[in-house]
Each structure stands twice: as C-alpha cells, then as structure tokens.
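Chain letters run A, B, ... following the sequence lines, proteins first, then strands; residues in each count from 1.
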Amino acid sequence: MSQNKAKSKTGQLDEPELAPLLKLSGITKSFPGILANDAIDLTVKQGEIHALLGENGAGKSTLVKIIYGLLKPDAGTFEWEEVVLSLSNPAQARSLGIGMVFQHFSLFEALTVCENIAIADDQKLNLKTIALRIKEVSDKYGLPIDPDRYVHSLSVGEKQRIEILRCLLQKPKLLILDEPTSVLTPQEALNLFATLENLASSGCAILYISHKLAEVKSLCGTATILRNGAVVATCNPKLETAKTMAELMIGAKLHNIKRPKKSGSHDNRVQINKLNLKSNDPFGMDLENISFDIQKGEVVGIAGVAGNGQTELMAALSGEVIQTGSHETIFFDGVGVSTMRVAERRAMGAGFVPEERYGHAAIKEMSLKDNALLTTSQKLNLIKKGFLQSNEICDLTHKIISDFDVRTTGLEMETGNLSGGNLQKFILGREILQNPRILIVSQPTWGVDAGAAVFLRKSLLDLAARGCAILIISQDLDEIFEICDRIAVLYQGTLSPLINTESASVDQIGLLMGGKTTE
Amino acid sequence: MDALPVVLTIITASTPLLLAATGELVTEKAGVLNLGVEGMMLVGAIAAFATAVSTGSGLLAILVGAFSGVAVAAIFAILTLTFLANQVATGLALTIFGVGLSALIGSSFVGISLEPLPQLNVEFLSTIPILGELLFGHDVLVYLSFIMILLAGYFLSKTRPGLILRAVGESHDSAHALGYSVLTVRYLAVLFGGFMSGLAGSYLSLVYTPLWAENMTAGRGWIALALVVFGTWRAGRIAFGAYLFGAITILQLHVQGWGINIASQFMTMLPYIATVVVLVLISQDRTKIKMNAPQSIGKAFRPAK
C-alpha cells in the first residue's frame with residue numbers, strides 16, 4: 001500500500017500559470033482508534049472539477065469536513081489562494097467562498113425553501129430579497145424550485161437542488177459535493193452534471209466526492225484517490241479505466257459476480273395482490289395497488305428513488321405494519337399473511353433485513369450474541385422453557401461470524417462498534433443461516449464498502465440458487481441490474497410492471513424512476 | 001352573577017400560566033425540554049415575595065423574582081448543555097430542588113401578607129365603564145404577559161434570530177454545520193425560559209394571592225408545560241389554552257358556589273382535564289404537529305471536535 005503512496009500519475013493538461021485555489025499539505029486527523037486522514041496533500045485549481053475518490057471509511061468525509069471548517073486537523077497546513085489559514089468554523093469557510101452540499105442533507109424539514117436558504121445566508125438578507133435571488137439563480141442554472149414550499153413536501157432531488165442553490169447564492173469559489181448522485185435518478189444526475197459543468201466554466205472549482213467511477217470519468221478532470229486515510233494516487237480519470245481506478249480505491253483485484261441463469265421453475269413463493277396502504281408518517285408515501293410475485297429461486301428487484309414508498313412497502317411486507325382491510329393482499333407460499341405479525345411471518349419461513357440497520361434490524365447497545373438471538377430464537381429453538389440456550393446461541397454467533405467473515409473482537413462485542421459493512425454481513429448472515437424460504441432485503445449494500453458489497457450480493461445469489469425467493473428493495477441501479485432476474489420500479493407509491501433484466505435498459509428504468517414511461 | 005369581576009379574575013388566574021408557557025415555548029423551540037418550570041416558578045415566587053416584604057418595592061420584587069428564575073435555569077443549562085446531563089432527569093430534579101429551596105427560604109415568610117401590585121390606571125380611560133375596567137387598570141405583569149406571547153410568536157415566525165432558534169431546535173447537527181452556535185442559542189433560550197417562569201412565580205406571590213405558601217404554584221408549572229405541548233408549539237393556541245384553564249378554574253369555583261351537588265374534588269380537577277382534552281381535540285392534524293414540534297427536543301448536542 002505504501003509504495004503506491006508516492007505514485008502520482010500525471011496526465012494533467014492544466015496550464016501551469018493557474019495558481020492553486022486550495023492547497024492542503026500533510027493534513028492529518030485521528031479519531032479514537034483510527035487514523036482518518038494520514039498526511040493528505042491535495043491541490044484544487046480554479047475552475048476544475050476535481051474528484052475525491054475512495055471507499056467508505058477512506059477518509060473522504062473527514063477531509064472535506066476539515067476543508068469546510070467543521071473539523072480541525074491535528075496537523076498539516078491549509079492554504080487558500082496562497083495564504084495559510086486555520087479555519088475555526090463553517091461560517092469562516094463560507095466567507096472565503098467555500099460551499100458544501102452534504103450527502104445527508106442539512107435541511108430543516110419544517111421550514112420553507114426560502115427559510116432554509118435564508119438561514120445559511122451570511123449577508124442576512126430578508127426573506128423577500130432571498131426569494132428574488134433564488135428565482136434569479138435558479139433560472140440561471142436551470143434549477144427550478146418554488147421558494148414557498150415546505151421542504152418535507154419535496155422530492156430528494158429537489159432537496160438537493162436547495163442545497164446547491166444555497167451554496168450558489170453565496171457565489172462560491174469552491175463547491176464541495178458529497179456523493180451527490182446517490183439519491184438521484186440517472187436522468188437527474190445528467191441534469192446535475194450539466195449544472196456543474198456550467199458552474200466550472202464560470203470559474204468555480206468543484207470538489208466532487210464519489211465512489212461511482214463512470215460519472216467521475218465523464219465529469220472530472222483530476223481525481224485524487226484515497227485509501228485508508230492516505231492519498232494513493234492522483235490521476236486524470238479520462239485517461240484511466242474504471243477498473244484501474246477501482247483497484248486503486250480498494251487496493252485489491254475486483255471480482256465480478258455472475259448471475260446464474262434462471263431455472264424457470266414456477267413455484268409462487270410470494271404473491272402481492274393490489275396492496276394499498278396509507279402511510280403512518282404524515283410525510284410518508286401511501287402505497288397504491290401494488291401487485292407482484294416472486295418465484296422460487298428468483299431474485300426480484302424494486303428500484304426507485306428513496307421516499308417513493310420503499311419504507312412503507314418494507315413495513316407492509318415484513319409485518320411491522322399490519323393490514324386491516326377485509327381481503328388478503330399478501331400471500332407467502334399461498335397463505336394469506338396480511339394480518340400476521342412479524343414473528344408469525346418469520347415462523348412461516350420468511351426472513352427480513354430492514355433498511356435501518358440500527359433500530360429495526362439490530363440493537364446498537366447489545367452484544368453480537370444477543371443480536372444473533374433476536375430473530376433466530378423461534379426457528380432455531382434457542383429458548384427452551386423460557387431459558388436462553390447459551391451454548392447454542394454462542395455456536396450460532398460463531399457460525400455467523402466465520403461463515404460471513406464478520407470482523408469482530410468477539411461475541412460480546414457491542415454491535416454498535418461494527419463498521420457498516422461488517423454489520424450488514426452479520427445481519428444478512430443471521431437471516432441466511434436460518435435457511436429462509438423467502439427473504440426480503442431493503443438496501444442490502446447501502447453505505448457498505450465495495451469488497452463487502454460484492455460478498456453480500458454473492459451470498460444473496462447463492463441463497464437464491466438454493467431455492468429461496470428473494471426481494472431486493474434498492475436505490476442502487478447497478479446492484480439491481482447485477483443480481484436481479486426481474487425488476488420493477490416504485491414511484492410515488494405505485495409499482496411498475498416487472499421487467500425481465502435481460503430486456504431492461506438503464507435508461508428505461510431511470511425514466512420509470514422519474515415517473516415517466518417509455519413510449 | 002356579574003360578568004365583569006369574573007372576567008377580571010379569569011385574567012388573574014391565566015396570567016401566570018401564560019407567562020411561564022411563553023418561556024417554555026421559546027426553550028422548547030430551541031430543542032431543550034426543561035421540566036423544571038414548577039421549580040423555577042417557586043423560586044421566583046419566594047424571591048419576589050421576600051424582596052417585596054423587605055424593600056416594599058414592587059418593581060424590584062418583580063426583577064428579583066425574574067432573575068432568580070434565570071439563576072435556577074442557569075443551573076439547568078450548565079448541567080444539560082455543557083455537561084450533557086439528561087434533560088428529563090435534570091428538569092425533574094430542578095423542580096424538586098425548587099420546591100425545597102423555596103420552602104426553606106419561605107419558612108420565615110409564612111403568614112405575612114402584602115399589598116398587591118398597583119394597577120396601572122390611565123387617567124380618564126380607566127374610568128370608562130366596563131371597557132375601561134377590562135382593558136385598563138391591570139397590573140404591569142398582565143400587560144407584560146400579553147406583550148411577551150405576541151413578541152415570542154412574532155420573534156419565532158418572522159425574525160432571523162427566531163429562524164435560527166427554530167433551526168437549532170429542528171436539527172442541531174444541521175444548524176451546527178451551517179456555523180451557528182447551538183450552545184449559545186440554547187443557553188439563551190433556557191435562560192429566557194427561566195426569566196419568564198420567574199415572572200410567573202412573582203405574579204403568584206405578589207398579585208394572585210398575595211402571600212407566600214409552601215408549594216403555592218400547585219402544579220401550574222406542569223400545566224404550562226402541557227400547554228406548550230398540547231398547544232403544538234403555537235403561540236396562539238398556547239394563549240388560548242392558558243385562558244381556557246384560567247376560565248375553568250374560576251368558573252368551577254362559581255359553580256361550586258351555586259351548590260350543585262358534584263364533589264368539589266372533581267370540580268378542582270376540571271380545569272386540568274378540560275384544558276388538555278380541548279387542546280388535544282383542536283390539535284389533531286398530525287402533519288401540523290410534526291411541522292411545529294421541534295425535532296431535536298430533549299436530545300443532547302455533542303459536536304465533533
């Protein structure tokens with residue numbers, strides 16, 4: 001790893017006279033137990049789109065938080081327009097002309113668009129002036145938005161637009177975007193790229209954080225690749241292949257997974273007939289007329305942008321929300337389960353992996369051993385006459401840890417200390433070891449590093465090969481295309497018909513995700 | 001029954017609730033749940049009463065009462081905001097502390113009575129029949145209670161500092177990321193809450209009774225807290241709730257006076273139950289509740305360094 005560190009692939013075409021806008025040297029930041037940033041050097045020039053590439057946990061977020069004044073580095077120098085500075089807070093960063101669009105939006109749901117922008121505005125303008133400026137800037141960059149709408153009523157793409165507008169009103173010299181396309185449809189992403197190119201050509205530098213290599217290749221002129229907190233390479237992504245950059249990011253060879261040909265058996269494991277559900281959350285999405293089926297040994301994928309009813313669908317399928325209607329809408333193995341609770345559905349051989357890993361799938365403060373017991377006690381007979389079978393529980397936990405390569409310090413480790421990838425391996429392992437007939441998984445690899453993601457997807461395919469019917473609800477289109485046999489799209493609470501993966505195109509699915517059907 | 005004196009007593013019964021609830025509204029909108037309102041009111045009440053007895057100055061008594069509320073709130077703020085103590089537990093402790101402290105100080109003031117605060121009579125206007133008596137000729141705290149709830153409502157919805165305060169209560173992490181000092185905003189909000197609770201206590205011991213009795217707030221601090229929550233953090237509804245409570249408190253006394261055969265305990269319960277039930281019934285819209293409820297209420301804020 002360290003021999004790569006000095007390696008700098010220069011394919012730079014920038015003119016030498018351009019002075020760097022931002023120059024970081026030797027930035028180091030450690031948190032208890034980890035070195036998040038290890039002597040990082042980074043130079044961003046005016047008007048360039050600079051990619052910051054790396055896996056989850058590579059130190060990208062820490063680095064940009066330092067640039068934005070949210071964290072203070074332990075060592076290293078920060079040079080802005082050739083002046084050495086020390087930032088103490090984000091307001092100071094903004095006054096220099098640094099704007100940031102967060103991955104998890106820093107918006108206030110209960111405030112209007114206008115108020116949200118006003119609060120981030122350092123010039124302390126009144127709301128009327130702000131509304132006018134919003135119109136002006138949104139027209140200029142093609143980011144339409146109504147200033148008087150409440151943020152909670154907006155789609156994710158629109159929320160991101162507010163974040164970007166909020167930065168643009170400050171006339172930034174450097175705009176930082178943290179994984180901006182993770183919440184967008186492919187078409188929305190293209191619109192965003194056009195906006196960014198427009199901005200860059202007007203002189204604003206852009207620091208673009210991503211792990212999606214294709215978009216970095218098409219958008220960025222320079223890429224700095226981080227791994228384990230250190231810079232492993234700086235390159236021109238247009239001259240690299242996605243594979244070489246991925247290997248630099250991961251530090252190992254990537255294995256592609258092959259989806260086995262479907263056997264074509266017909267054994268209706270899951271049947272959903274005209275499922276309607278009013279959301280419990282006033283800001284949620286109601287489900288309308290959802291129908292689909294999953295056959296034995298099949299993986300069905302539900303694509304869609306977050307907030308289109310995924311949470312509600314998962315809750316209805318798992319039994320966290322119970323149907324009250326008069327007729328059955330959900331059938332597992334031909335048996336109506338609409339009025340069954342989670343445990344009864346599990347007893348029928350169904351397994352569930354909810355999107356929220358803490359709070360729904362596992363309990364942060366409990367040990368791995370206790371978490372292993374939570375969903376397995378019934379099926380694996382781990383409680384006898386009201387007493388926990390300690391030995392069997394330990395054996396099971398050991399098996400999950402070894403079969404699914406969970407990196408832990410032991411069975412008693414507090415679950416909250418697992419990294420995202422390890423936690424998901426543990427949760428999925430716990431379900432798979434019960435040999436479910438039906439497995440319903442929401443966001444299987446969200447926020448998981450690429451190595452673990454490949455492992456998780458492979459585990460799901462293996463399980464399907466053994467005959468399990470699997471439903472994947474995911475925002476990650478690449479993942480859906482990689483492992484699913486049939487795909488449907490959830491948009492505004494309604495589900496498109498299932499399409500065979502072989503005959504589906506990314507464009508077609510992308511349009512459905514934005515609510516349009518192909519003509 | 002003559003209506004005017006009834007209305008005047010209703011105003012007197014409602015004012016302390018309105019004062020305390022205004023303070024708690026601002027505190028909660030900043031994302032802090034201070035359950036110590038009752039304790040702060042009691043400390044404010046005895047401090048004001050003791051000052052009035054020893055100096056004879058009403059204005060000084062009000063000020064001392066209010067700032068004793070601030071002092072007690074400061075203890076809460078330091079514990080929960082700086083030392084990240086649990087807000088619920090600390091608030092409950094604060095009430096118990098306030099009850100004890102006020103009883104200790106108050107032991108030598110039991111049985112002393114006081115001239116009530118002067119009415120602010122306006123020449124001529126106060127002599128207009130009915131209207132004059134109704135609108136003019138109250139003491140300074142009654143006017144202040146109206147001014148403060150109006151100001152608080154205006155401040156929260158229309159001003160920039162109010163917007164920042166709401167943002168801090170809505171999502172402290174986002175507000176921090178934008179560069180606002182979450183702790184400064186919350187300290188000020190908690191101290192303001194203490195100030196208003198202190199005023200409410202002063203009103204009880206200087207005007208409402210006016211004398212000192214142990215635990216004289218009789219749960220009004222808790223009702224003020226309930227008003228804020230059941231009034232869904234909206235100034236108008238909180239004022240309505242405060243007056244509803246005041247009105248039922250007084251009316252049930254009159255009803256008891258008519259000799260209707262209902263156990264007096266039930267009648268005494270009535271204002272508490274009726275206020276909560278009415279506010280729950282008029283605040284059914286869940287979207288509105290979610291919009292107005294500060295999302296980060298009660299959560300400790302720990303910024304990464």
Side-chain angles (χ1 to χ4, degrees), chain A residues 29 31-32 36 61-62 64-66 68-74 87-95 98-112 114-127 130 150-153 163 166-167 170 178 279-284, chain B residues 25-26 28-31 86 153-186 228-229 231-235 283-297 299-305:
Chain A
K29 174 80 189 173
F31 295 110
S61 294
T62 306
V64 294
K65 279 183 183 161
I66 289 172
Y68 193 57
L70 275 171
L71 293 173
K72 284 197 186 104
D74 301 335
L87 289 183
S88 53
N89 60 51
Q92 200 189 342
R94 282 204 303 275
S95 70
I98 302 175
M100 173 144 179
V101 176
F102 293 90
Q103 179 182 13
H104 304 289
F105 301 138
S106 59
L107 294 176
F108 304 95
E109 300 269 320
L111 304 185
T112 65
C114 201
E115 287 175 326
N116 262 286
I117 291 178
I119 197 161
D121 172 58
D122 295 322
Q123 300 160 43
K124 303 193 166 47
L125 297 172
N126 66 36
L127 289 176
I130 298 252
Y150 278 95
V151 167
H152 68 81
S153 68
E163 289 263 2
R166 182 146 98 166
C167 294
Q170 309 285 321
D178 192 357
S279 178
N280 273 329
D281 183 346
F283 300 163
Chain B
L25 169 68
V26 172
E28 290 193 12
K29 269 294 193 183
N86 180 293
Y154 180 81
F155 168 81
L156 287 173
S157 62
K158 301 279 186 239
T159 69
R160 192 181 164 83
L163 178 62
I164 295 169
L165 185 136
R166 275 189 291 147
V168 166
E170 180 68 20
S171 164
H172 48 216
D173 291 322
S174 299
H176 174 69
L178 289 171
Y180 293 109
S181 170
V182 173
L183 284 189
T184 309
V185 171
R186 289 199 170 158
V228 175
V229 175
T232 57
W233 296 272
R234 281 184 276 183
S283 309
Q284 289 277 300
D285 187 337
R286 290 173 52 190
T287 313
K288 283 246 168 69
I289 293 177
K290 209 169 168 183
M291 295 277 313
N292 286 296
Q295 292 296 304
S296 63
I297 191 159
K299 291 180 194 154
F301 174 66
R302 293 183 187 80
K305 285 269 181 292

Q) Say you draw a straight line from CG of Leu70(A) to CG of Leu178(B); how long is it, rounded to the nearest 0.5 Å? A) 9.0 Å

Q) Backbone N or O of Ala110(A) within a donor-acceptor pair of the Arg166(B) side chain at under 3.5 Å? A) no

Q) Side chain, backbone, both or neither: which part of Ala293(B) has a non-hydrogen atom closer than 4.5 Å to chain A? A) neither

Q: Decide if atom NZ of Lys65(A) counts as having more than 12 heavy atoms of other residues, nucleotides or ligands within a radius under 6.0 Å.
A: no

Q: Measure distances from Gln92(A) to the heavy atoms of chain B and classify the residue's part below 4.5 Å as side chain, backbone, both or neither.
A: neither

Q.
Show the nearest heavy-atom pair for residues Leu163(B) and Ile119(A), with the distance to one decimal.
A. O-CD1, 3.6 Å

Q: Quick one: which of Phe108(A), Tyr68(A), Tyr150(A) has the most heavy-atom pairs under 4.5 Å with chain B, could you say?
A: Phe108(A)

